[in-house]
Visitor: 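Can you read through this structure? Questions will come right after.
Sequence positions, counted from 1, serve as the residue numbers for this chain. Whatever order the structure lists them in is the order used to number ligands and atoms, beginning at 1.
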Amino acid sequence: MTALKLVGASAHKLWGGRFAGESAPELDALNRSIGVDFRLWPFDVKLSKAWAIALWSAGVVTVEESLALEHGLDRVADRLRAGAQPNASDEDVHTLIDRLLHEEVGDVASKLHTGRSRNDQVATATRLWSMDAVGVLDTAVRELQMVMLAHAESLSAASVLMPAYTHMQRAQPVSAAHWMLSHFWPLDRDRARLASAGRAAAVLPLGSGAVAGCAFPISRVLLQGSLGFAQLSLNSIDAVSDRDFVAELLFTLSMLAIHLSRVAEDLIIYGTSEFGFIQFGDSFTTGSSMMPQKRNPDALELARGSGGRLLGDLTALLATLKGLPSGYNKDLQDDKRALFDAVDTMMLVLPGVAGALSEITFRADKMKAALSSSMMATDLADYLVGKGTTFRDAHAAVGSLIRQSEETGVELHAMPYKTFKTAHASFGPDVFDALSAVASVERRETEGGTGPLAMKAQMKSAWASLA
Ligand code: ARG
């Protein structure tokens with residue numbers, strides 16, 4: 001969150017008229033959202049400029065007044081860009097911009113709020129912010145996918161094989177590129193969800209007023225076009241309180257965080273001395289203050305941990321929305337806390353994971369050494385099926401071989417041929433070919449399988465999804 005220095009304290013309020021007394025400082029402190037929503041200022045300026053034009057075309061302000069408002073808003077933006085800070089009495093970003101606009105253009109600034117409310121204003125600004133964030137997030141996810149794809153390319157070029165696990169037990173040999181891409185596709189789905197969250201945000205609420213619509217003949221269609229929205233909201237009561245787009249973005253980010261936690265977990269485990277499949281680099285790991293030998297994958301652990309925070313943001317928003325009466329309610333002010341926290345967190349995590357992954361080196365030797373011949377048990381059973389045995393009988397025969405292997409400590413490939421023959425009469429001397437990990441991988445050529453041709457097609461699809 002941007003650290004704000006609140007300076008000065010001359011009260012500028014958008015709503016003081018009907019109150020005889022001052023509001024309590026405790027209310028001001030609770031009500032004030034400038035510390036969270038300050039970052040909406042570029043979007044609030046943008047929509048306010050569009051509103052100034054809409055007021056002119058509706059005949060509410062003259063062309064001179066409209067231009068004065070527009071130019072004044074440009075100067076407000078210049079000041080904010082140059083580092084102008086809110087003062088202690090600015091309730092929220094809309095109040096701040098209104099105050100600065102008064103400083104820039106004087107009384108004509110008081111005309112800008114005609115026909116609009118902070119209710120349609122904040123909904124519009126938050127949507128614009130979200131549409132922008134979706135683009136930034138998409139780029140960051142795409143960069144991580146590129147790192148994965150680059151690793152997949154070199155692993156595949158070197159024909160590196162590794163064990164695939166189910167229940168965290170060695171299951172079957174796969175190409176290491178196949179494993180790498182197993183983390184690529186979830187991110188592809190996340191990008192599709194991001195695009196969908198962007199479409200959910202691209203519905204313009206401006207012109208809904210506080211709740212009932214706008215009494216002046218402003219063109220919402222022109223506002224929609226000039227602000228880059230894809231659609232108009234169709235019900236003003238719904239429009240001022242619809243935060244579905246925030247929920248959709250937060251769900252998308254939660255799902256993304258869950259995917260990143262799984263990538264991180266695989267890498268952390270594979271980087272242990274016990275596995276040794278990968279080695280971490282220097283730039284995204286840390287040392288220990290006590291144990292000189294340590295290299296800790298902090299970036300990946302922080303990524304894994306951030307899933308909890310993102311789920312918290314989603315849950316907080318959904319809990320806020322549940323049971324809200326229709327129309328705008330101040331509860332909604334908290335939507336931005338969750339939204340900004342989730343996006344900020346993700347924009348720290350994504351480059352961290354991409355960086356940590358990019359500097360990892362793969363130990364093909366260690367992966368190969370982990371390919372014990374019992375992992376080809378399914379291939380042995382398939383071999384018997386090829387000789388006319390039912391899969392159930394084949395499974396039982398190979399099972400008995402595995403039991404003997406466990407009891408004697410002799411691996412399948414080191415057992416004498418006659419042991420195979422005793423387990424099932426259909427085993428021929430070529431049985432040892434079925435125990436090759438390379439052959440096992442090469443046999444799995446159905447679409448989405450780990451066979452070399454299927455892998456080639458998968459890589460092609462992966463490149464296409466990034467194009
Ligand atoms: N700061 C408020 C928010 O974020 C702006 C809307 C205020 N609307 C109101 N009726 N007080 O939701």
Visitor: What pairs of residues pass the salt bridge (Lys or Arg N to Asp or Glu O under 4.0 Å) test when at least one of them lies in residues 48-58, not counting sequence neighbours?
Guide: Lys49-Asp74

Visitor: For residues 291-306, which residue pairs qualify under salt bridge (Lys or Arg N to Asp or Glu O under 4.0 Å), counting only residues two or more places apart or in two chains?
Guide: Glu265-Arg304, Asp282-Arg295

Visitor: Indicate yes or no: does Asp138 engage Arg191 in a salt bridge with an N to O separation below 4.0 Å.
Guide: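 Between Arg191 and Asp138 there is a salt bridge, with a charged N closer than 4.0 Å to a carboxylate O.
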
Visitor: Distance under 4.0 Å, heavy atoms only, partner ligand 1: which residues pass?
Guide: Ser33, Asp37, Asp92, His94, Arg118, Asn119, Val122, Tyr328, Lys330, Gln333, Lys336

Visitor: Would you call Arg75-Asp78 a salt bridge at under 4.0 Å N-O?
Guide: no

Visitor: So, are Glu248 and Arg193 salt-bridged, with charged N and O less than 4.0 Å apart?
Guide: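 Arg193 and Glu248: not salt-bridged.
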
Visitor: Can you list every pair that meets side chain to side chain donor-acceptor pair (under 3.5 Å) and has a residue in residues 14-24, with sequence neighbours left out?
Guide: Lys13-Ser23, Trp15-Glu91, Ser23-Asp28

